[in-house]
Amino acid sequence: MRARNLIAIFMSAAMVIPIGPAQAGIKQPQVVSPNPVGRTPHVLDGIVNAFAQVGDTVIVGGQFSTVRNAGSRAELTRQNLFAFSLSTGRIDPRFVPRMDGPVFTLAPGADGTVYAGGSFTRGLVRLRLADGSAVRSFTATAYGAEISSLVRRGEHLYVGGNFTQIARTARTALARLDANTGAVDRSFTVTPGGGETKITAMAVSHDRLVLDGSFTTLDGLPRPQLGVIDLTTGRVADWHTDAYAPECSAAFPSYVRGLDLSPDGSYFVVVTTGGPAPRTRKLCDTAARFETYAKGDKIRPTWVNHTGGDSLYSVAVTGAAVYVGGHQRWLDNPFGSDTAGKGAVSREGIGAIHPTTGKALSWNPTRARGIGVKAFLPVKKGLLVGSDTTQLGREYHARIGMFPMP
């Protein structure tokens, strides 16, 4: 239960552990089963923050030290990063990089590689899955900064965080790199501004980059906490909302967290923290859908779903559903204030929302709430979930689980 006297704990977790985006692009024909598969490995401590998929391999990043195969008692040391087979669930014995700090975000690379970002020494690295070694030709670093979001689009790697310099080039919180060499693309200069500037989450379609975080402007244009970049021009799109301009709780000066684009890129969903705000137009502790190609000022969300006072950290949009995760107790709860208001439905720790109506679907596997879900990864065979707790779908699945397609 999220009592008010725990708000400092949850605020600390939210501020220390940035949220990367779920991988966009996987369209699923139906809602996944509420019964998790039994083969996923277990993470025995800490928290899972990110997933990436390269072929049959799933890479897992977070802040942890020990993992274990399903059905085994043997504990394996893995420093904040490991990989396993999606088809068998077995942990890869070859991929054992030793990250000296948390991994917050991952992105699949070409030629059997993965990009990892976080608050480890280099901040950003490209690794070979075959042996966990660094690709030396990728030279980008972000010393002394946190990399909180990575998305790759072809030959470009978009990097978000709280840096002021990356790959020895001045950039504030956002950069586009050559995906092969790590060199900064000097033609891409969109700059977030305002306060302690930081990109929290990003998602990319064929011609749009959507980003949220602790900023009030993009290239001097008002874009409070949320913006869209037109990748055909490399400029800020004619897309502006003031939906996240109002303040939520003073404990959360920036309260946007995760976001994800629909598989066709036509809309995206943003999830937030912020504290209870019943009977207001504020988007504290909500999931909200926006249309990607809307134009103009004061764009409003297509729908909003309120938890009634509990944080959402991650979202995955698959076409059949909008999956949301945090430490929420309810959805459909606009009248609640750390209570179940009129119309609220119980959705402990994880839930699914209808993409069109914005109302909670009947899917309700439950999850031990803890801090919350920090990572989703839709795959063809189902939906991977990463968190800090050990109960998912009323079964033991330590920090990783997968709901299969029915």
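These numbers come from a predicted model, not from an experiment.
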In short, side chain to side chain donor-acceptor pair (under 3.5 Å) pairs touching residues 342-368 with sequence neighbours left out are Arg367-Thr389
Across all chains, not counting sequence neighbours, the ring pair (Phe, Tyr, Trp, His ring centres under 6.0 Å) partners of Phe138 are Tyr115
Ring pair (Phe, Tyr, Trp, His ring centres under 6.0 Å) contacts in which one or both residues fall within residues 266-288, not counting sequence neighbours: Trp239-Phe268, Phe268-Phe290
Residues in ring pair (Phe, Tyr, Trp, His ring centres under 6.0 Å) contact with Phe188, at least two apart in sequence or another chain: Tyr158
Listed once per pair and sorted, the disulfide (SG to SG under 2.5 Å) pairs that draw on residues 357-406, sequence neighbours left out: none
Strictly by salt bridge (Lys or Arg N to Asp or Glu O under 4.0 Å), give each pair with a member in residues 147-160 just once, sequence neighbours left out. none
Can you list every pair that meets disulfide (SG to SG under 2.5 Å) and has a residue in residues 332-392, with sequence neighbours left out? none
Using ring pair (Phe, Tyr, Trp, His ring centres under 6.0 Å) as the criterion, list what pairs up with Phe64, not counting sequence neighbours. Phe82
Quick one: ring pair (Phe, Tyr, Trp, His ring centres under 6.0 Å) partners of His42, sequence neighbours excluded? Tyr396
Between Val125 and Met99, is any pair of side-chain heavy atoms under 4.5 Å apart? yes
Could you tell me whether Arg329 and Asp338 make a salt bridge, using a distance below 4.0 angstrom between a side-chain N and a carboxylate O? yes
Pairs where residues 215-236 contributes a residue and the test side chain to side chain donor-acceptor pair (under 3.5 Å) is met, not counting sequence neighbours: Arg208-Asp230, Gln225-Ser254, Asp230-Thr232
What I want to find out is whether Arg289 reaches Glu291 closely enough, with some N-O distance under 4.0 Å, to be called a salt bridge. yes
Is there any salt bridge (Lys or Arg N to Asp or Glu O under 4.0 Å) pair reaching into residues 173-183, and which pairs are they, with sequence neighbours excluded? Arg176-Asp185
Picking from Asp332, Asn333, Asp285, what satisfies side chain to side chain donor-acceptor pair (under 3.5 Å) with Asn305? Asp332
Applied to residues 85-99, the salt bridge (Lys or Arg N to Asp or Glu O under 4.0 Å) test, sequence neighbours excluded, yields Asp92-Arg94
